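Note that these values count all heavy atoms, side chains included, but never hydrogens, waters or copies made by symmetry. This is a predicted model, so every value here is computed, not measured.
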Protein chains: 2
Amino acid sequence: MAIEEPDAADLLLRVSRRLLRRVGDRLAPLGVTQAQVRALRALDREHRPVRMGLLAERLDVVPRSATSLIDALAAAGLVRREADPDDRRAVAVSLTPEGRRTLVAVRRVRRQVADELLAPLDRDQRAALRSLLEAVAASGPARAGP
Amino acid sequence: MAIEEPDAADLLLRVSRRLLRRVGDRLAPLGVTQAQVRALRALDREHRPVRMGLLAERLDVVPRSATSLIDALAAAGLVRREADPDDRRAVAVSLTPEGRRTLVAVRRVRRQVADELLAPLDRDQRAALRSLLEAVAASGPARAGP
DNA sequence: TATTGTTATACTCTATAACTATA
DNA sequence: TATAGTTATAGAGTATAACAATA
């Protein structure tokens, strides 16, 4: 009888847990956590100051959770809160030069870890994996429907 | 210039975050969390009472963290702590019948969510994904060397 | 003295609820 | 009244450090 036949979901979780672990371990010296990196990346993608509400949406967290992330990043000098000129209730967040430098270092770490993790695959296999994951990622949002 | 070309690691994280979210949402009604499920599964794989130290190792957490997980599972009646007859310092943990029933329900949920998530892929593509992930998973432990 | 697990404590991430300032 | 973000609080997960009981 088949004792263990891990399905794709099991393997996905196992591999990504490993990836998260390794990236997390190597992010520590940079003084940032993975969730914070996710926020930095989201800010970087916008190419302009981002409101808290939009940031929370991009990260798929509630606004309050974005506040915590930005608190930590601002304390570390990686982002800056500014007043939104159009709406005095709103807060616009942007990367500082230090935040950009950190992102560069983060990318280097991520690339290294990914290379190590995917070492068992050759070029074609990596391309195949990327295209399969792209197909999965492309469909639907993170949570069940509203 | 290429604006965004997510690499395999990015996609892996994105997809698995989605998977974790959805599984987590549907696990809530069963009264267990993902980390607890991981512990239940680890216990189930052993087919006998498991010491805390071994469990922690299997889960790749420090022993203290295993204590927290088992506290919650024991309070929910899903596992039981017993004295180890051979070593009175040690504690042996085993699944209760209720714990086994919960695992059955958990497997159903996981399968459903995985099916939904992987819906964009056909049979062959899923098989390809599984085999690629297997190759990645098969090599090396979760953390950097000791 | 070394090992097993636990108590004590702390930090990150995330969430809900209530509040403030503005619209 | 509705919206944007925050303060207050809580729970899960994990970690380190100190300690108890036992080996």
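Among the protein residues, A/Val62 comes within range of the nucleic acid bases, having at least one heavy atom under 4.0 Å from a base atom.
A/Asp25 places its CG atom 12 Å from the C1' atom of D/dA15, with the value rounded to the nearest Å. Across the protein-nucleic acid pair, A/Glu57 atom CD and D/dT3 atom C1' stand 14 Å apart, rounded to whole Å. Going from atom CG of A/Asp60 over to atom C1' of C/dC13 covers 13 Å, rounded to whole Å. Per the geometry, CG belonging to A/Leu59 stands 11 Å off P belonging to C/dC13, to the nearest Å. The distance between atom CG of B/Leu73 and atom P of D/dG11, rounded to the nearest whole Å, is 17 Å.
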Tabulate atom names and distances for all N/O pairs under 3.5 angstrom spanning the protein and nucleotides 6-9 of chain D.
| unit_1 | atom_1 | unit_2 | atom_2 | d |
| --- | --- | --- | --- | --- |
| D/dT6 | OP1 | A/Arg81 | NE | 2.8 |
| D/dT6 | OP1 | A/Arg81 | NH2 | 3.1 |
| D/dT6 | OP2 | A/Thr67 | OG1 | 2.5 |
| D/dT7 | O4 | A/Arg64 | NE | 2.9 |
| D/dA8 | N6 | A/Arg64 | NE | 3.1 |

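Taking 4.0 angstrom as the limit, B/Gln34 places none of its side-chain polar atoms (N or O) nearer than this to OP1 or OP2 of D/dA12. A close approach under 4.0 Å does not occur between any side-chain nitrogen or oxygen of B/Thr33 and OP1 or OP2 of D/dA12. Between B/Ser68 and D/dG13 there is no side-chain polar atom (N or O) within less than 4.0 angstrom of OP1 or OP2. A/Arg21 has a side-chain polar atom (N or O) that falls below the 4.0 Å cut-off from OP1 or OP2 of D/dA15.
Side-chain atoms of B/Arg38 come within 3.5 Å of backbone atoms of B/Leu59 as a donor-acceptor pair (strictly under, hydrogens ignored). Formation of a donor-acceptor pair under 3.5 Å by the B/Glu116 side chain with backbone atoms of B/Val113 is not found in this model. A donor-acceptor pair under 3.5 Å is absent between the side-chain atoms of A/Ser16 and the main chain of B/Ser16, judged by distance alone.
Of the residues B/Thr67, B/Ile70, B/Val61, the one that meets the side-chain contact (heavy atoms from CB on, under 4.5 Å) test with B/Leu55 is B/Ile70.
Counting only heavy atoms from C-beta outward, the side chains of B/Leu30 and B/Arg101 never approach each other to under 4.5 Å. Using a 4.5 Å heavy-atom threshold, the side chains of A/Val93 and A/Arg80 count as separate. No side-chain heavy atom of A/Leu95 sits less than 4.5 Å from a side-chain heavy atom of A/Leu78. Between A/Gln112 and A/Arg26 the shortest side-chain heavy-atom distance falls below 4.5 Å. Considering only heavy atoms from C-beta on, B/Val50 stays 4.5 Å or farther from B/Arg58 through its side chain.
Each of B/Arg51 and A/Leu69 was matched to the nucleotide of DNA chain C holding its nearest heavy atom; the match closer to the 5' end belongs to B/Arg51. Where B/Leu54 and A/Arg38 meet DNA chain C, the nucleotide closest to each residue was compared, and B/Leu54 sits on the side nearer the 5' end. Comparing B/Ala72 and A/Ala92 by the nucleotide of DNA chain D that holds the closest heavy atom to each, the one mapping nearer the 5' end is A/Ala92.
In summary, A/Arg111 and B/Asp10 do not engage in a salt bridge, as defined by a charged side-chain N under 4.0 Å from a carboxylate O.
Counting only N and O atoms by type, the side chains of A/Ser68 and A/Arg64 include a donor and acceptor under 3.5 Å apart.
The terminal axes of the helix from C/dG5-D/dC19 to C/dA23-D/dT1, fitted over 5 pairs per end, subtend an angle of 10° to the nearest 10°.
In this structure, A/Arg81 places its CZ atom where more than 12 heavy-atom neighbours from other residues, nucleotides or ligands lie under 6.0 Å away.
Of the residues in residues 83-90 of chain A, A/Asp87, A/Arg88, A/Arg89 come within less than 4.0 Å of DNA chain C through at least one heavy atom, sorted by number.
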